[in-house]
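See structure below.
In the text below, chain A, chain B and the rest are named by the order of the sequence lines, each starting its count at 1. Quick caveat, the model's predicted, so the values are computed rather than measured.
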2 protein chains.
Amino acid sequence: MEPIAEKKKLILESALALIKDHGFHGCPMSMMAKNAGVAAGTIYTYFDSKDDLIGELFFYAKSIIFNHVSGSDDPSLDFKTRFFNYWNNLSELYLDRPEIQSFFEQFMISPFNTREIQNADSPWHDWNSNFFQEGIDKGILRNLSPDILFIMVIGSVNSMSKVRQNFSEKVAERGIDLNQLAEMTWDAIRKQ
Amino acid sequence: MEPIAEKKKLILESALALIKDHGFHGCPMSMMAKNAGVAAGTIYTYFDSKDDLIGELFFYAKSIIFNHVSGSDDPSLDFKTRFFNYWNNLSELYLDRPEIQSFFEQFMISPFNTREIQNADSPWHDWNSNFFQEGIDKGILRNLSPDILFIMVIGSVNSMSKVRQNFSEKVAERGIDLNQLAEMTWDAIRKQ
DNA sequence: TTAAACTGAATGAACGTTCAATCAGTATAA
DNA sequence: TTATACTGATTGAACGTTCATTCAGTTTAA
């Protein structure tokens, strides 16, 4: 993975921020260009099309998540602690950078999420498979496929973050404590 | 709630089906009209605008879910059975009518999901509050707010359905059994 | 000097919405 | 009964706008 040109990164980050507030289709190329401080035409030096830009954003955002979560994992700790670290790291990342969470929510259910992209190598997925397999091998997690444990956990973090982001007023006004979902999810995946 | 005019319902169902495949912005009014077998202008007899149509679709889809799930609940059964019935009913509805699941995924994270709509009365939410409160009162579920239990369960059903819908090939090829998520979610909400 | 990057006005396709014209069905009048 | 008028839903071409993309000209850097 060669380093991303500075201006290319600038355009990606700018697009990410705008997509959170306006959605894919609410972000004209002209808006992304202006926000990044470049001319509309310049974007086409770095990307073939808007579709291409959004496709690259997916890999860009996924690598941020991967680096953040895997980089903070300490395999020498006991597995339960590692799980809560995982949860908190991902949760905090989504809180600090809601544009990443928002982008993923939109991308996953959009027509941009093609089979080709799904089949691409994913260090993030591979890392998760290993992570949950370790928990299984240690006898801490249910003896299920690591994939299903991954789906359970990532689904919970995602829905927690989605509620936090899209229903913040309701959460505050009803005094809902979303952190309880971490404990609940742990009970969902641990060996009973 | 007065009954929906036949042609209005036709347009709603037609739009629902198209939105699943093309997304909100991939469905021109002309396409929805053609699919419903009416002229473009006719849609404006029943809806003020495309936004209005999508807003009405939200309440329409939610009422389908509400009727399906609440209508199949049998309060005389023990709570665990009722939970698995709930899960299976919702899961089957999403399987039979993926356009409903797809619409909700898109709507929730879209700008259409306004505060005004969030604050509207929701029989579906009220029913769920009661449902989970019953489980708490019976001493079967964790003593948390019914809202957090609702978020946990609905989040799991949604991510299960999303994976089933958007990653069907991956699921098949890896032999992932998504039904295991029901059991896991039960362990997440039941009193430990 | 030259190649690459950059600019932003121009292009044309696509879209939501409008509206004058049509038409089927119903009421009215002879 | 029959001819005429009326009603309001329906139609689809046309309008104005928005937007992704292009490109001729300009700047930058080596």
- Query: A:Glu105 side chain to B:Met108 main-chain N or O, any donor-acceptor pair under 3.5 Å?
  - Reply: no

- Winner on side-chain proximity to B:Tyr46, out of D:dA20, D:dA9, C:dC6, is D:dA9

- From CA spacing to verdict: side chain to side chain contact (heavy atoms under 4.5 Å, CB included), B:Lys50, B:Met32: CA-CA 10 Å; B:Lys50 190 175 181 178; B:Met32 295 183 185; 4.1 Å; yes

Nucleotide N/O of nucleotides 15-17 of chain D paired with protein N/O under 3.5 Å:
none

- Closest-nucleotide 5' rank along DNA chain C - winner of A:Ala40 and A:Thr45: A:Thr45

- Query: Parallel, tilted or perpendicular for B:Trp124 and B:Trp127, by the 30°/60° rule?
  - Reply: parallel

- Note on the structure: Of the listed C:dT7, D:dT10, D:dT21, the closest approach to the A:Ala39 side chain comes from C:dT7

- Query: So, B:Glu134 and B:Lys138, do they make that salt bridge, N to O below 4.0 Å?
  - Reply: yes

- Query: Starting at NZ of A:Lys7 and ending at C1' of C:dC6, how long is that distance when rounded to a whole Å?
  - Reply: 7 Å

- Within 45° of the six-membered ring axis of B:Phe47 and under 6.0 Å from that ring's centre, is NZ or CZ of B:Lys8 located there? yes

- Can you tell me how far P of D:dA20 sits from NZ of A:Lys34, to the nearest Å? 15 Å

- Value for CG (A:Leu53) from OH (A:Tyr60), rounded to nearest 0.5 Å, stands at 11.5 Å

- Where each residue is assigned the nucleotide of DNA chain D containing its nearest heavy atom, which of A:His25 and A:Gly41 is assigned the position nearer the 5′ end? A:His25

